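The shown structure was predicted, so the numbers you read here are calculated from the model rather than taken from an experiment. Because only heavy atoms are used, hydrogens play no part in the values below, and waters and symmetry mates are left out as well, while side chains stay in.
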Amino acid sequence: MKQPTGLTVHNKSRILEISFDDGATFNLPFELLRVYSPSAEVKGHGAGQEVLQVGKREVGIAGIEPVGNYALQPTFSDGHNTGLYTWDYLYKLGAEQDQLWRDYMDRLHAAGFDGDSGRESGAALPTAPKAHGCGHQH
């Protein structure tokens with residue numbers, strides 16, 4: 001397991017800077033951390049149950065607590081605080097950041113958001129039209 005050697009929360013730029021014992025340093029945007037939260041609320045309880053997070057561009061970190069010697073538990077400005085970010089998971093987010101952003105944007109586009117509009121504050125997932133009656137044509 002990689003071990004952190006430095007951790008700085010940059011609230012103004014909304015970046016978590018983390019350095020590891022192998023010399024790697026990553027600047028992780030709060031938004032990336034929030035939309036890839038390892039919590040069941042975001043990841044679901046199995047493959048295909050992930051919940052697309054929208055409107056998180058301006059999310060902040062209100063607090064951050066260590067969990068033992070293996071993880072961090074941030075509290076985000078939107079109230080989300082159930083994700084435990086292990087050192088390995090934070091390293092993965094940093095090492096794969098470019099691909100993760102592409103995947104996130106692809107999922108936003110697939111959900112019907114143009115450009116990066118799904119990242120804007122107040123963005124909400126489109127809702128399916130409400131069915132009337134039993135769903136059959138009579």
Side-chain angles (χ1 to χ4, degrees):
M1 177 193 291
K2 307 240 187 297
Q3 292 296 310
T5 57
L7 180 75
T8 306
V9 176
H10 299 280
N11 283 314
K12 189 171 183 174
S13 59
R14 291 187 300 277
I15 297 287
L16 177 70
E17 180 182 349
I18 186 165
S19 301
F20 288 92
D21 57 3
D22 67 350
T25 297
F26 302 111
N27 291 311
L28 300 170
F30 296 170
E31 180 185 10
L32 181 80
L33 293 169
R34 179 61 180 85
V35 301
Y36 281 103
S37 171
S39 69
E41 179 184 329
V42 174
K43 287 192 169 269
H45 293 284
Q49 294 184 357
E50 300 85 0
V51 177
L52 180 62
Q53 302 297 299
V54 299
K56 304 301 179 188
R57 180 185 303 224
E58 303 296 325
V59 74
I61 290 183
I64 195 163
E65 296 294 327
V67 178
N69 291 320
Y70 69 95
L72 295 176
Q73 184 174 23
T75 298
F76 292 92
S77 59
D78 65 357
H80 180 73
N81 68 350
T82 58
L84 292 182
Y85 294 75
T86 65
W87 306 136
D88 284 344
Y89 189 63
L90 289 166
Y91 195 97
K92 174 186 169 66
L93 290 176
E96 300 176 13
Q97 186 173 167
D98 292 342
Q99 183 61 50
L100 291 169
W101 275 119
R102 283 191 295 273
D103 292 348
Y104 178 56
M105 293 305 295
D106 288 348
R107 288 182 293 144
L108 285 174
H109 295 155
F113 292 100
D114 293 329
D116 67 353
S117 62
R119 297 176 57 212
E120 295 298 330
S121 296
L125 286 171
T127 56
K130 295 187 185 221
H132 299 284
C134 65
H136 294 97
Q137 291 183 330
H138 293 275

With M1 as partner, the option from T86, D21, D88 fulfilling side chain to side chain contact (heavy atoms under 4.5 Å, CB included) is D88
[X], [Y]: one ILVMFWY side-chain cluster at the under-4.5 Å cut-off?
X: I15; Y: I64; answer: no
X: V42; Y: L100; answer: no
X: V51; Y: L93; answer: no

Please tabulate, for the side chains in residues 69-85, all donor-acceptor contacts under 3.5 angstrom to protein atoms that are two or more places apart in sequence or on a different chain.
from : atom 1 : to  : atom 2 : distance (Å)
Q73  : NE2    : N81 : O      : 2.7
S77  : OG     : G60 : N      : 2.7
D78  : OD1    : R34 : NE     : 3.4
D78  : OD1    : H80 : N      : 3.1
D78  : OD2    : R34 : NE     : 2.8
D78  : OD2    : R34 : NH2    : 3.1
D78  : OD2    : K56 : NZ     : 2.6
H80  : ND1    : E41 : OE1    : 3.3
H80  : NE2    : S37 : OG     : 2.8
H80  : NE2    : S39 : OG     : 3.4
Y85  : OH     : L33 : O      : 2.6

Original post:
Stepwise, does the side-chain contact (heavy atoms from CB on, under 4.5 Å) test hold for L32 with Y104?
Top reply: CA-CA 9 Å; L32 181 80; Y104 178 56; over 6 Å; no
Counting distance only, does the side-chain N/O of H109 pair as donor-acceptor with the main-chain N or O of G115 below 3.5 Å?
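Yes.
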Taking all heavy atoms of [X] and all of [Y], pick out the closest pair and write down the distance.
X: G118; Y: L108; result: CA-CD2, 4.0 Å
X: A40; Y: H45; result: CB-CE1, 3.5 Å
X: P38; Y: Y89; result: CD-CE2, 3.8 Å
X: S117; Y: A123; result: O-CB, 3.7 Å
X: V54; Y: A124; result: CG2-CA, 3.8 Å
X: H10; Y: F30; result: O-CZ, 3.7 Å

Say you draw a straight line from CG of L28 to CD of E17; how long is it, rounded to the nearest 0.5 Å?
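CD of E17 is found 10.0 Å from CG of L28.
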| request: Give, for atom CD of Q99 and atom CG of D103, the distance between the pair rounded to the nearest 0.5 Å. | output: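 So the gap between those two atoms works out to 4.5 Å.
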Original post:
Which residues pass the side chain to side chain contact (heavy atoms under 4.5 Å, CB included) test with E58, sequence neighbours left out?
Top reply: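 Per chain and number, E58 pairs via side chain to side chain contact (heavy atoms under 4.5 Å, CB included) with R14, S121.
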Hey, does [Y] have a side-chain heavy atom less than 4.5 Å from the side chain of [X]?
X: E50; Y: Y36; value: no
X: F113; Y: R119; value: no
X: L16; Y: V9; value: yes

Distance to the ring centre below 6.0 angstrom and angle to the axis at most 45 degrees; does that hold for K2 and Y91?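 Judged by the rule (NZ or CZ under 6.0 Å from the ring centre, within 45° of its axis), K2 counts as positioned above Y91.
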